[in-house]
Amino acid sequence: DFGERVANGYLAVVDVRDPLSPRVRSTLETYDPRALALHGEHLVVADGGGGVKVFRERDGVLTLIGVCATVEARDLAVHGGEVFVADGGG
């Protein structure tokens with residue numbers, strides 16, 4: 001059961017080409033994903049205490065390619081080549 005596999009922080013790639021029958025193609029464990037943004041072929045994730053993570057998606061598989069440490073990344077926005085991060089505990 002997908003719900004049991006993702007009890008903690010996970011990202012999932014879901015195939016929705018057939019909207020009446022979406023299916024999970026892959027999952028990847030993360031710390032605490034809170035916000036996502038696409039930037040070209042990259043997925044940028046505000047991952048709570050895990051920082052800001054950059055993934056590449058190919059053939060339904062996410063690969064971590066970079067991490068930027070933060071206090072607690074809560075939200076983000078991408079503009080051009082920059083990511084603006086709402087960060088901090090509380």
Side-chain angles (χ1 to χ4, degrees):
D1 178 65
F2 179 71
E4 292 175 9
R5 288 188 294 148
V6 296
N8 295 310
Y10 278 79
L11 296 174
V13 176
V14 179
D15 184 341
V16 294
R17 288 178 282 196
D18 178 357
L20 298 177
S21 184
R23 66 181 184 89
V24 175
R25 291 187 65 187
S26 65
T27 60
L28 181 69
E29 187 173 356
T30 62
Y31 185 80
D32 183 18
R34 297 179 178 204
L36 312 170
L38 292 173
H39 179 62
E41 67 177 24
H42 299 111
L43 175 67
V44 184
V45 179
D47 197 26
V52 174
K53 295 182 178 173
V54 181
F55 297 88
R56 179 181 299 123
E57 185 274 330
R58 289 212 176 121
D59 300 322
V61 177
L62 292 170
T63 302
L64 180 65
I65 60 172
V67 178
C68 179
T70 64
V71 173
E72 189 170 337
R74 295 171 172 257
D75 200 0
L76 54 79
V78 177
H79 179 69
E82 297 182 313
V83 177
F84 300 87
V85 180
D87 189 24

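Reckoned from all heavy atoms, side chains included, excluding hydrogens, waters and symmetry mates.
Contact record, Gly9 with Pro33: CA-CD, 3.7 Å, taken as the closest heavy-atom pair. In terms of heavy-atom proximity, Ala73 sits nearest to Val52 at CB-CG2, 4.1 Å. The nearest pair of heavy atoms linking Val14 to Pro22 is CG1-CB, 4.0 Å. Of all the heavy atoms in Val78 and Ala37, the pair that sits closest is CG2-CB, 3.7 Å. Of all non-hydrogen atoms in Ala35 and Asp75, the two that sit nearest each other are CB-OD1, 3.3 Å.
Put simply, the side chain of Asp32 never gets that close to the backbone of Asp47: no donor and acceptor are under 3.5 Å apart.
Here the CZ atom belonging to Arg34 is positioned 5.0 Å from the CZ atom belonging to Arg74, to the nearest 0.5 angstrom. Taking CG from Leu28 and CZ from Phe55, the interatomic distance works out to 5.0 Å, rounded to the nearest 0.5 Å. Here the straight-line distance linking atom CG of Leu76 with atom CG of Leu36 works out to 7.5 Å at 0.5 Å rounding.
Counting heavy atoms from C-beta on, the side chains of Leu43 and Leu62 come closer than 4.5 Å. Considering only heavy atoms from C-beta on, Glu57 stays 4.5 Å or farther from His42 through its side chain. Under the 4.5 Å side-chain criterion, counting only non-hydrogen atoms from C-beta, Val61 is not in contact with Val13.
Leu38 and Ile65 are members of different hydrophobic clusters when ILVMFWY side chains are connected at heavy-atom separations under 4.5 Å. Criterion: ILVMFWY side-chain heavy atoms under 4.5 Å apart, direct or through other members. Under it, Val67 and Val45 are part of a common hydrophobic cluster. Note on Val24 and Val16: same hydrophobic cluster, where clusters join Ile, Leu, Val, Met, Phe, Trp and Tyr whose side-chain heavy atoms are under 4.5 Å apart, directly or indirectly. The cluster map of Ile, Leu, Val, Met, Phe, Trp and Tyr, joined by side-chain heavy atoms under 4.5 Å apart, puts Tyr31 and Val85 in different clusters.
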Quiz item: Can you check side-chain contact (heavy atoms from CB on, under 4.5 Å) on Lys53 and Leu64, steps first, answer last?
Solution: CA-CA 7 Å; Lys53 295 182 178 173; Leu64 180 65; 3.8 Å; yes
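Other residues, nucleotides and ligands contribute at most 12 non-hydrogen atoms within 6.0 Å of the CG atom of Asp59.
With sequence neighbours excluded, the residues satisfying salt bridge (charged side-chain N to carboxylate O under 4.0 Å, His left out) with Asp15 are Arg17, Arg23.
Screening residues 77-88 for side-chain hydrogen bond (donor to acceptor under 3.5 Å, both in side chains), with sequence neighbours left out, gives no hits.
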